[in-house]
Amino acid sequence: GPGRVPARAGALPVCGHRGGAWRVRAGAAPGLWAVMPQQPVEGALLAALSYIVVLESTAALVLIAFGAVTLTNEFITNELRHLAEVDPLTNVFNRRAFLTLLGKAISSAQRTQKPLPVLVLDLDHFKQINDTRGNQGGDNVLRYFVRLALRCLRKEDVMGRLGGEEFGIFLPHADGAGALAVAERLRALMESTPARAGAGQPVCVTVSIGVTLSGPADAPDTALQRADEAMYLAKQYGRNRVQMRVAESCNVHLVGEAKDTAPPLGTRGSCGRGRCVGWLTVGRPGRPAQSARPGACAPFLSLPRPRAC
């Protein structure tokens, strides 16, 4: 008891009694023990430890709740960003996100003084598919086309849905010949692989593709517009073909390189007004097309129109 142990030999115990506490100093008078509450020291320590455990548990619950709120907020932010940037039907970038990424890619290409290939793709006679197979059948065809297109692209290539059945692609670190090869491979794959548009027989779908190379001062809308013009020229020449539109200040070396190094996708032949038989030809809309010459700076390059599906 307190009478056996001198106060000066004691440590500094803290005792709680109805919210109050008294500190016993070493060397204090023995009579000071009289102010201590009549409670065992062990019970007071257990009470203090229980208070500490409760405080630690409360702090842990607060931290866990804060972490849960942070994770939930990050998940919701990612979901909102996904909804704002991705087309919900085809799961590729929507037009706004595609143009943003295209602008960054063109800026990077301009800094390195290398052109950026840009493609615009449009499914041929898609309205007839919607009319005969319904909107659900048209949606199935769009999803099927995107799956085929992604098989022809690299991981760094970017694809987006521009609207309806029209899509855009840009190919970082590629040249004109590589862009033409990718476009032709995609066109041939789409032609040779019928798509299922719901119940009934698979439907044969073709695609018209316009290709261009970004210029030194091109904005994203400018490059996309030029590729769109090439795509409409492919429609004018009979659909199911690849057409390349070069800027007015085109790089002569790139045009000649596309002519010389592109794979022989067809047989060269004569060209006439409104149609091109050679595998790589040059011409303007409404004028007789002429065979491409290496180094010719011409506004349009064309791949052959294949057999109808």
(request) Could you tell me whether F98 and F167 have their ring centroids closer than 6.0 angstrom? (result) no
With rounding to the nearest 0.5 angstrom, report the [atom1] to [atom2] distance, [X] to [Y].
X	Y	atom1	atom2	value
L233	R245	CG	CZ	9.0 Å
L186	E191	CG	CD	11.5 Å
M190	F145	CE	CZ	6.0 Å
R187	E184	CZ	CD	4.0 Å
L123	L142	CG	CG	6.0 Å

Looking at every non-hydrogen atom in both residues, tell me the closest pair between [X] and [Y] and how far apart they are.
X	Y	value
A223	V118	CB-CG2, 4.3 Å
P115	P117	O-CD, 3.7 Å
A195	V205	CB-CG2, 4.5 Å
P194	P202	CB-CB, 3.7 Å
I129	G138	CG2-CA, 4.3 Å

Let me check something: any side-chain donor-acceptor pairs from residues 54-72 under 3.5 Å, sequence neighbours excluded? List them with distances.
from, atom 1, to, atom 2, distance (Å)
S57, OG, V53, O, 2.9
T58, OG1, V54, O, 2.8
T70, OG1, F66, O, 2.9
T72, OG1, A68, O, 2.8

Is there a chain of hydrophobic side chains (I, L, V, M, F, W, Y, each step under 4.5 Å between heavy atoms) that links [X] to [Y]?
X	Y	value
Y232	L121	no
L162	V86	no
L171	L102	no
L180	M159	yes
L89	F126	yes

How about [X] and [Y]: do any of their side-chain heavy atoms sit closer than 4.5 Å?
X	Y	value
L213	M244	yes
Q243	Y237	yes
N91	V146	no
F170	L119	no
L224	D228	no
Q225	T212	no
T193	Y144	yes

(request) Run the numbers on M231 and I209 for side chain to side chain contact (heavy atoms under 4.5 Å, CB included), then give the verdict. (result) CA-CA 5 Å; M231 184 272 296; I209 305 176; over 6 Å; no
Output a table of donor-acceptor pairs, distance under 3.5 Å, between side-chain atoms of residues 151-158 and any protein atom two or more places apart or on a different chain; print 'none' if there are none.
from, atom 1, to, atom 2, distance (Å)
R154, NE, D157, OD1, 3.1
R154, NE, D157, OD2, 3.2
R154, NH1, E156, OE2, 3.4
R154, NH2, D157, OD1, 2.6
R154, NH2, P172, O, 2.6
D157, OD2, R154, N, 2.8

(message) Quick test of your reading: applying side chain to side chain donor-acceptor pair (under 3.5 Å), list the pairs with at least one residue in residues 93-120, sequence neighbours left out, ordered by first then second residue.
(response) none
(request) Test side chain to side chain contact (heavy atoms under 4.5 Å, CB included) on R226 and T222 and set out the steps. (result) CA-CA 6 Å; R226 196 161 56 246; T222 304; 4.0 Å; yes
(message) Quick one about R196 and N140 (side-chain donor to acceptor, distance below 3.5 Å, no hydrogens or angles considered), yes or no?
(response) no
(request) Answer with yes or no whether the side chains of D124 and T206 bring together a donor and an acceptor at under 3.5 Å. (result) yes
(message) Determine whether a donor-acceptor pair (N or O, by modelled atom type, separation under 3.5 Å) exists between the side chain of R161 and the backbone of G164.
(response) yes
(request) Decide, yes or no, whether a salt bridge links K127 with D131 under the criterion of side-chain N to carboxylate O below 4.0 Å. (result) yes
